[in-house]
Amino acid sequence: MPVVMARDLEETASSSEDEDLVNQEDHPCIMWTGGCRRIPVLVFHAEAILTKDNNIRVIGERYHLSYKIVRTDSRLVRSILTAHGFHEVHPSSTDYNLMWTGSHLKPFLLRTLSEAQKVNHFPRSYELTRKDRLYKNIIRMQHTHGFKAFHILPQTFLLPAEYAEFCNSYSKDRGPWIVKPVASSRGRGVYLINNPNQISLEENILVSRYINNPLLIDDFKFDVRLYVLVTSYDPLVIYLYEEGLARFATVRYDQGSKNIRNQFMHLTNYSVNKKSGDYVSCDDPEVEDYGNKWSMSAMLRYLKQEGKDTTALMAHVEDLIIKTIISAELAIATACKTFVPHRSSCFG
């Protein structure tokens, strides 16, 4: 994954000793962009974790590139950066090139970022990551651009505020429905219901119509974990990584209401299914279609063999990604203009 740290590299490369290194066009960690190939871009190589190649480490070491990890434990990120010659600084240090944080930054911290510093969050990115904000943003886009253009969510209600509307819809079609906390992850607090009386209204929740006839592989539910990178909201720049994961439930799917509380059947989250006695892991990196995690490529090959139009499927997926991000674009772009002094400081 390329990460632009051009200003820091350019400033450090001012000496003749360093110019020789930076101008090595065939160096695996340097890619040149801009007019006359004048802007160096640092490229990370995942295999560096295993090879511990000194030629890869030399760029980070020579230019004293540094990082800090704040309020999270990202072992993979730490390993990647260390393998590329970055050194870790204290979480309170202001002398760093990359801040990897598990939480959103306060506006006063964003305003202090220099042009050579990057952080893995945009201001107000919760407009995408919180389920209630995403729901509201998509509803707004439906009102603005038409329901059909942004029909990318099942029928959803935010409770308790829309409880009466939900009960009215439930009376016409009893479900099942799926309940999710507005700001949670890894399947925590998610459950299915077939009666409004089964819902706890002690906190804000989303209730969505459950897709009762999902696409199955070998009778198991699955979802796809895709990796999307946004490097700018003005202009909007989105990258979709070419590979991903398919994650499977551990109990064969059954529409019967007696199984409505079986998380191992209805939820595909790894954090849920790893607790199942039926969970199967695959430790061979060369095997892509065994156990409860497949590569996305293996999943697409399987579906194609079953006669599914996987080209159209991925086109729909890309359309979904774009529309989802566009729904929050205005709020995040406005926050960037307000709080972030340099356009290239944030990614996420």
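Owing to the predicted nature of the structure, the values given are computational and were not obtained by experimental measurement. Position 1 is the first residue of the sequence; numbering continues from there.
- Residues that satisfy the side-chain hydrogen bond (donor to acceptor under 3.5 Å, both in side chains) test with Glu127, not counting sequence neighbours, are Arg124, Arg133, Asn137.
- Partners of Asp254 under the salt bridge (charged side-chain N to carboxylate O under 4.0 Å, His left out) rule, at least two apart in sequence or in another chain, are Lys258.
- A salt bridge does not link Lys68 to Glu88: none of the charged nitrogens lies less than 4.0 Å from a carboxylate oxygen.
- Judged purely by atom type and a 3.5 angstrom limit, Glu162 uses its side chain to pair as donor or acceptor with the backbone of Leu158.
- Taking the six-membered ring for Trp and the full ring otherwise, the centers of Phe339 and Phe108 sit at least 6.0 Å from each other.
- Side chain of Thr82 to backbone of Ser79: no donor-acceptor contact under 3.5 angstrom is found.
- Checked against the 6.0 Å centroid criterion, the rings of Trp177 and Phe166 qualify as a close aromatic pair.
- Aromatic ring orientation, Tyr227 versus Tyr241: perpendicular (interplanar angle above 60°, classes split at 30° and 60°).
- Not counting sequence neighbours, Tyr135 has no partner by the ring pair (Phe, Tyr, Trp, His ring centres under 6.0 Å) test.
- Each of Ser345, Pro341, Pro123 was checked for a side-chain contact (heavy atoms from CB on, under 4.5 Å) with Cys336, and the lone residue meeting it is Pro123.
- Between Phe122 and Tyr233, the gap from one ring centroid to the other is short of 6.0 Å.
- A centroid separation of 6.0 Å or more is found between the aromatic rings of His121 and Phe347.
- Screening Val280, Asp278, Val272 for a side-chain contact (heavy atoms from CB on, under 4.5 Å) with Ser276, the sole residue that qualifies is Asp278.
- No side-chain N or O of Asp53 forms a donor-acceptor pair with one of Asn55 less than 3.5 Å apart.
- Side chains of Ser92 and His90: a donor on one and an acceptor on the other come within 3.5 Å.
- The cationic atom of Lys274 (NZ for Lys, CZ for Arg) does not lie both less than 6.0 Å from the six-membered ring centre of Tyr279 and within 45° of the ring axis.
- A distance of 6.0 Å or more separates the ring centres of Tyr96 and Tyr67.
- Ring centroid separation for the pair His266 and Tyr210 comes in under the 6.0 Å cut-off.
- For the pair Lys221 and Phe248, the NZ or CZ position fails the cation-pi test of under 6.0 Å to the six-membered ring centre and within 45 degrees of the ring normal.
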